[in-house]
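Structure, as structure tokens:
Just so it is clear: chains get the letters A, B, ... in the order the sequence lines come, proteins before strands, and each one is counted from 1. Please read these numbers as outputs of a predicted model, since none were measured by experiment.
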Protein chains: 2
Amino acid sequence: MTEPKTPDTAPPAGSVRKHGRDGKSNATIYDIAKMAGVNASTVSRALSKPGRVSSKTQKLIEDAAARLNYQVNPFARALPTGKTNTFGLIVADITNPTFFDIIRGAETTATGRDYTLVLAESAESPETELTAARRLMATVDGLILASPRMDDDNIRALAQDKPVVVINREVAGVPCVVPDVNKGISEAVRSLAANGHTRIAYVAGPPQSWMSERRWEGVQAACEWSRLEAVRLESGKPTVDGGRQTARDVRASGATAVLTYNDLIAIGLMQELQAAGMVVPDQISIVGFDDIFGADFTTPPLTTVRSPLGECGEAAATRLLDLLHGSGEPAGTLSVETELVLRGSSGRILPAK
Amino acid sequence: MTEPKTPDTAPPAGSVRKHGRDGKSNATIYDIAKMAGVNASTVSRALSKPGRVSSKTQKLIEDAAARLNYQVNPFARALPTGKTNTFGLIVADITNPTFFDIIRGAETTATGRDYTLVLAESAESPETELTAARRLMATVDGLILASPRMDDDNIRALAQDKPVVVINREVAGVPCVVPDVNKGISEAVRSLAANGHTRIAYVAGPPQSWMSERRWEGVQAACEWSRLEAVRLESGKPTVDGGRQTARDVRASGATAVLTYNDLIAIGLMQELQAAGMVVPDQISIVGFDDIFGADFTTPPLTTVRSPLGECGEAAATRLLDLLHGSGEPAGTLSVETELVLRGSSGRILPAK
DNA sequence: GTCGTTTTGTCAACCGGTTGCCATAAATTG
DNA sequence: CAATTTATGGCAACCGGTTGACAAAACGAC
């Protein structure tokens, strides 16, 4: 309008310039202020505090901002306020599909409420986890810990600094989102009982896993109720390989039905048993946990106790955001329901031909 | 040392305080400066520019920092420098397991080099993708786009602003990491030819997918070389469901072997064909792409052309980091090899009994 | 002991917003 | 129409680092 300031013509085709100077999207509130003929602080107010400036200056400023295609500098904003519109999510293992849905649920919720998700993984190590958490703490407004491996005290310590929500574990004094395994487990056990099974094995997960214990307790309780025998077996890693390695113990246990800590173990176990010539479910029933991606790829497809992981992610993110905005309970556990997904890997034992 | 400043005793057990003031980890370089008896700028230099201060002041400062358990405020640092030690990764679909390995590869590399990964998803929409990219641009040092859906010009525009690396697609003028499909495809086609197949179908992916076209070209080329017939079919979504829906077309095509745009489609297709009573691979061979998590859960396990996705993620992150540190090529494509993973879903056609 | 060079540390400006406080203009009230 | 309240915008300090310019100190050579 004033000068014919060579409007960014198309960049010299074929050659991409080095970054920076010419891709400048860096208009500041001062530029806007100058253009709108007001003070920078007025611009700041117009852009953040709604209603603090008159509607005509508001419009003036908005127009100027649009013309300059202004974007706030998040760091400049974060510096005085400490708010970053960002939260962190730490998962134990990025390759574990259990977390995929959690990640997605959290990401969706974040984006929907104008927050950005920062992801980190702990590689199943309590130390790495704590390090990652500390690191993230500096740059986020809050933190979600999915199946954390560090101990309760550390979690509480973090929670004292900034809002923290825990998924898949209960920590006193910290808001948690936990699938309530009882419904799903009792459905599973009843189904097994109805199919004539009398001795059921539970293949446990990693010793640090809070959830593994809950599941074991649930299995015991349900078995007692249905007057079945429950035996506990240990697994190595909660992976497909870990599952394969428990096949021997499972056969030795004399159980005709197995519940495993998670679907990965169940799948590995099933593969190994089938490789040894056993027929599922005719000779042994297998029930997993979580209903992860791929649980229905197997033959037979896996019966499993589904945890609504996506919901957990969403719920945790929602709770966190509520906390950040002053609403919401500061602590307490939110339960989400689990349910049995009956597929082909469980059923009635056929008498050996 | 000076005052008996009630050293943070354990917080009143059982009651978790509100966040903020007491969890103060906020020592600043000014605090350190005071404690060490130097100027704040000296502290800043001691902490960032190695060798700029004498070793004794260095030690003095480091000790003070340790005693105060100081942590830099990333925002304060980012403000003047513009560097955030953070980069973004945008994937088309978080629930698509293809990306899991990419995410993990990138995350691992990031953490290993002291960077933080910020994750966003585009839900397969070019607009959402662009929005997310713009949003992230403000807070990250660079961006990785995995299988981007937006068009080349938009990508180049982003790349002009800050370093961008693209995975699974080639964009002129922008650094890319792309699996070279030829080796894997020719292995696959040769294997099919050796098993007597003469007519091969390719089930394509989404029209915007650059990679789907490359794969189709690869299939055509390999078929020509082996003197086989290649027919192209379209799929709806590149998902298990999308795969199921192509079953009808596949049967109608008269092909005895199918390559699909990705494993998800292959799995869906296989499920549907099996449900209709066909035996894989006795009546039809199925070959997927990518070798995603779960590809070996099926019965028979899926033969597939593996793209080293984890490597792609790593390589992209490494390139980006190199770019950020001034080394590395500003553009050009890095190829990674693909290979055939021969499993049970492909083989010789058995004559109808 | 003097002069030039190199180290080392200090000063002060700056990055780009936010916000408490105050002055002024506008609106309301008596 | 004066007095008072309220709405609006400006000033300036501040968040916590970084960095160029410069001064003081240390060092070496002559």
Side-chain angles (χ1 to χ4, degrees), chain A residues 20-21 24-65 68-86 114 137-141 162, chain B residues 20-21 24-65 68-86 114 137-141 162:
Chain A
R21 298 306 141 243
K24 57 168 52 184
S25 59
N26 30 24
T28 72
I29 56 171
Y30 296 93
D31 299 330
I32 299 180
K34 213 183 311 167
M35 178 178 270
V38 298
N39 187 282
S41 56
T42 306
V43 176
S44 171
R45 292 202 178 91
L47 265 26
S48 32
K49 308 269 193 307
R52 183 52 185 19
V53 302
S54 70
S55 54
K56 57 176 183 292
T57 21
Q58 178 81 33
K59 178 151 187 0
L60 212 58
I61 289 170
E62 276 171 0
D63 288 355
L68 293 170
N69 100 58
Y70 166 82
Q71 305 190 144
V72 292
N73 179 324
F75 309 114
R77 173 171 286 176
L79 192 45
T81 61
K83 290 296 154 223
T84 64
N85 265 43
T86 277
D114 235 339
M137 268 309 204
T139 49
V140 301
D141 293 344
K162 288 184 178 171
Chain B
R21 299 303 144 245
K24 58 168 49 185
S25 58
N26 32 23
T28 73
I29 54 170
Y30 297 94
D31 300 331
I32 300 180
K34 211 183 311 167
M35 179 177 269
V38 298
N39 188 282
S41 55
T42 305
V43 176
S44 172
R45 292 207 173 86
L47 264 26
S48 34
K49 310 268 193 307
R52 180 56 172 59
V53 303
S54 70
S55 55
K56 57 174 182 296
T57 19
Q58 179 80 32
K59 178 149 187 0
L60 212 57
I61 289 170
E62 277 171 0
D63 287 353
L68 293 170
N69 101 57
Y70 166 80
Q71 306 191 144
V72 292
N73 178 325
F75 309 114
R77 172 171 285 176
L79 192 45
T81 61
K83 291 295 155 222
T84 64
N85 265 42
T86 277
D114 234 338
M137 268 310 201
T139 48
V140 301
D141 293 346
K162 288 185 178 170

What's the shortest heavy-atom distance between [X] and [Y], and which atoms?
X      : Y       : answer
G82(B) : D141(B) : O-OD1, 3.6 Å
S48(A) : S44(A)  : OG-O, 2.6 Å
A78(B) : T84(B)  : CB-CG2, 4.1 Å

If you check the R45(A) side chain, which of dG20(C), dG9(C), dG17(D) turns out closest? dG20(C)
Rounded interatomic separation in angstrom, taking [atom1] from [X] and [atom2] from [N]:
X      : N       : atom1 : atom2 : value
R77(B) : dC15(D) : CZ    : P     : 19 Å
K56(B) : dA25(D) : NZ    : C1'   : 11 Å
R52(A) : dC21(C) : CZ    : C1'   : 11 Å
I29(A) : dC11(D) : CD1   : P     : 14 Å
I61(B) : dG17(D) : CD1   : P     : 13 Å
L79(A) : dT18(C) : CG    : C1'   : 10 Å
L60(B) : dG9(C)  : CG    : C1'   : 13 Å
K49(B) : dT8(C)  : NZ    : P     : 16 Å

Here's a test for you: under side chain to side chain contact (heavy atoms under 4.5 Å, CB included), which of T81(A), N73(A), T139(A) qualifies with F75(B)? T139(A)
T57(A) side, atom OG1; R45(A) side, atom CZ - distance, nearest 0.5 Å: 11.5 Å
OG1 on T28(B) to NZ on K34(B), rounded to 0.5 Å: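 Between K34(B) NZ and T28(B) OG1, I get 7.5 Å after rounding to 0.5 Å.
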So do the side chains of V43(A) and Y30(A) get within less than 4.5 Å of each other, counting heavy atoms only?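 Side-chain contact under 4.5 Å: no.
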Any side-chain heavy-atom pair from K56(B) and L60(B) closer than 4.5 angstrom? no
With distance as the sole test, does N85(B) use its side chain to make a donor-acceptor pair with the main-chain N or O of D114(B) at under 3.5 Å? yes
Within residues 30-42 of chain B, residues whose heavy atoms come under 4.0 Å of DNA chain C: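 Those residues are V38(B), N39(B), S41(B), T42(B).
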Report yes if a side-chain nitrogen or oxygen of [X] is closer than 4.0 Å to either non-bridging phosphate oxygen (OP1 or OP2) of [N]; otherwise report no.
X      : N       : result
S44(B) : dT18(D) : yes
S54(B) : dG9(C)  : yes
K83(B) : dT18(D) : no

Measure the angle between the two terminal helix axes of the helix from dG1(C)-dC30(D) to dG30(C)-dC1(D), five base pairs each, and quote it to 10°. 30°
For A76(A) and for V53(B), locate the closest nucleotide of DNA chain C by heavy-atom distance; then report the residue assigned to the nucleotide nearer the 5' terminus. V53(B)
